[in-house]
Amino acid sequence: MSLSIRNQIPGTVTAVTPGEVMATVKVRLTGGQDLTAAITLEAVEELGLTAGSAVRALVKATEVSLATGGVDGLSIRNQLPGTVRDVATGGAMATVKVAVDGAELTAAITKDAATDLGLSTGSPVIALIKSTEVSLASA
C-alpha cells in the first residue's frame, strides 16, 4: 500500500500501556530515539502490537512542528533533535527536511515561521510531534 504520509519511520515496539479506550505505545526508532504513539486499544489489538513488534511510525508533515532550541514545560512527548537538510519555500508554506538519527522527517510549516526561525541547511532543530498524531503500521 502506498501512502501520501511523508514521514514513515521504522522502529520496534518497546512497551504498550493499555487504558480504557486508548493505549500508549513506545517505539524505539532505528536511530535509537524513542517515540510515543497514542492509539486506540482496538488498533493495538488488531495490529497485534507487543514489545518486540516491528512497526512503522507514520506522521503527516503538517503535524511536525519545529523549535530551534530545547523546550521545557511542554506536554508534547516526542521531541527529536535533528539538523535541517533542506528548506523549500513557496508563497505561503515551507517544507523543511530534517535529518534525525537514522531517519529523515519532513515538516510543513508556514513560510513566515521558517523565516522567523532562521531555518537553513545545517540549522539545529527539535522536531516536535504530539503522541496523538503518530499512527502505527505493522512492518
Side-chain angles (χ1 to χ4, degrees):
M1 169 192 313
S2 295
L3 298 172
S4 65
I5 296 175
R6 294 183 190 179
N7 299 309
Q8 301 183 30
I9 309 163
T12 304
V13 173
T14 58
V16 177
T17 305
E20 293 289 320
V21 176
M22 300 288 289
T24 57
V25 180
K26 294 203 182 288
V27 177
R28 174 72 40 91
L29 304 179
T30 56
Q33 315 91 321
D34 290 319
L35 192 72
T36 299
I39 63 175
T40 65
L41 194 54
E42 183 179 7
V44 168
E45 293 166 359
E46 286 177 1
L47 293 171
L49 299 180
T50 60
S53 297
V55 294
R56 283 185 121 11
L58 309 171
V59 182
K60 291 175 61 175
T62 53
E63 300 302 333
V64 178
S65 296
L66 299 175
T68 55
V71 183
D72 293 325
L74 191 64
S75 66
I76 296 175
R77 300 290 76 190
N78 301 308
Q79 300 186 26
L80 305 174
T83 304
V84 173
R85 289 199 48 221
D86 185 54
V87 180
T89 57
M93 297 296 291
T95 300
V96 182
K97 294 188 185 227
V98 177
V100 297
D101 286 343
E104 182 176 272
L105 290 173
T106 299
I109 63 175
T110 66
K111 178 182 172 185
D112 290 345
T115 300
D116 290 349
L117 292 172
L119 299 180
S120 62
T121 301
S123 297
V125 293
I126 307 291
L128 305 166
I129 308 164
K130 290 179 64 173
S131 60
T132 53
E133 299 303 331
V134 178
S135 297
L136 297 176
S138 52

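When all heavy atoms are compared, the tightest approach of V96 to L119 is CG2-CD1, 4.1 Å. Residues K111 and G90 come closest through the heavy atom pair CD-O, 3.1 Å. Counting all heavy atoms, side chain and backbone alike, I109 lies closest to V64 at CG2-O, 4.0 Å. Closest approach of A57 to V134, counting heavy atoms only: CB-CG1, 4.1 Å. The minimum heavy-atom distance linking G82 with V100 is given by the pair CA-CG1, 4.1 Å. For the pair T14 and A51, the tightest heavy-atom approach, listed with the atom from each and the gap, is O-CB, 3.8 Å.
Between the CG atom in L3 and the CG atom in L58 there is a gap of 6.5 Å [rounded to 0.5 Å]. One finds the CD1 atom of I129 at 10.5 Å from the CD atom of Q79 (value rounded to the nearest 0.5 Å). To the nearest 0.5 Å, atom CZ of residue R77 and atom OG1 of residue T24 are 11.0 Å apart. How far CZ of R6 is from CG of L105: 12.0 Å, rounded to the nearest 0.5 Å. The structure places OG1 of T30 at 9.0 Å from CG of D101, a figure rounded to the nearest 0.5 Å. From D112, atom CG reaches atom OG1 of T110 across 5.0 Å, with rounding to the nearest 0.5 Å.
Considering only heavy atoms from C-beta on, V87 stays 4.5 Å or farther from T121 through its side chain. L136 is listed as a side-chain neighbour of I39, based on a closest heavy-atom distance under 4.5 Å. Contact check for L41 versus V21: no side-chain heavy atoms found under the 4.5 Å cut-off. Here the side chains of N78 and V59 are not in contact, with every heavy-atom distance at 4.5 Å or above. Side-chain contact between V98 and L66: present, with at least one pair of heavy atoms (C-beta onward) separated by less than 4.5 Å.
Hydrophobic clustering (ILVMFWY, side-chain heavy atoms < 4.5 Å, transitive): I9 and V125 are in one cluster. Transitive grouping of hydrophobic side chains (ILVMFWY, heavy atoms separated by less than 4.5 Å) brings I76 and V71 into a common cluster. Hydrophobic clustering, with ILVMFWY side chains joined whenever heavy atoms are under 4.5 angstrom apart, keeps L128 apart from V84. L47 and V27 fall within the same hydrophobic cluster, where Ile, Leu, Val, Met, Phe, Trp and Tyr residues are linked whenever their side-chain heavy atoms come under 4.5 Å apart, directly or through other members.
No side-chain donor-acceptor contact under 3.5 Å links E63 to the backbone of K130.
Few gaps surround CZ on R56; more than 12 heavy atoms of other groups in view lie less than 6.0 Å from it. In the displayed structure, E42 atom CD is contacted under 6.0 Å by at most 12 heavy atoms of other residues, nucleotides or ligands.
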CA sep, side-chain torsions, deciding dist, call: T106, N7, side-chain contact (heavy atoms from CB on, under 4.5 Å): CA-CA 6 Å; T106 299; N7 299 309; 3.9 Å; yes
Pair V55-L49, side-chain contact (heavy atoms from CB on, under 4.5 Å): steps then yes or no: CA-CA 9 Å; V55 294; L49 299 180; 3.6 Å; yes
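Judged as a side-chain hydrogen bond (donor to acceptor under 3.5 Å, both in side chains), and not counting sequence neighbours, K97 has no contacts.
Remark: K26 does not engage D34 in a salt bridge, criterion side-chain N to carboxylate O under 4.0 Å.
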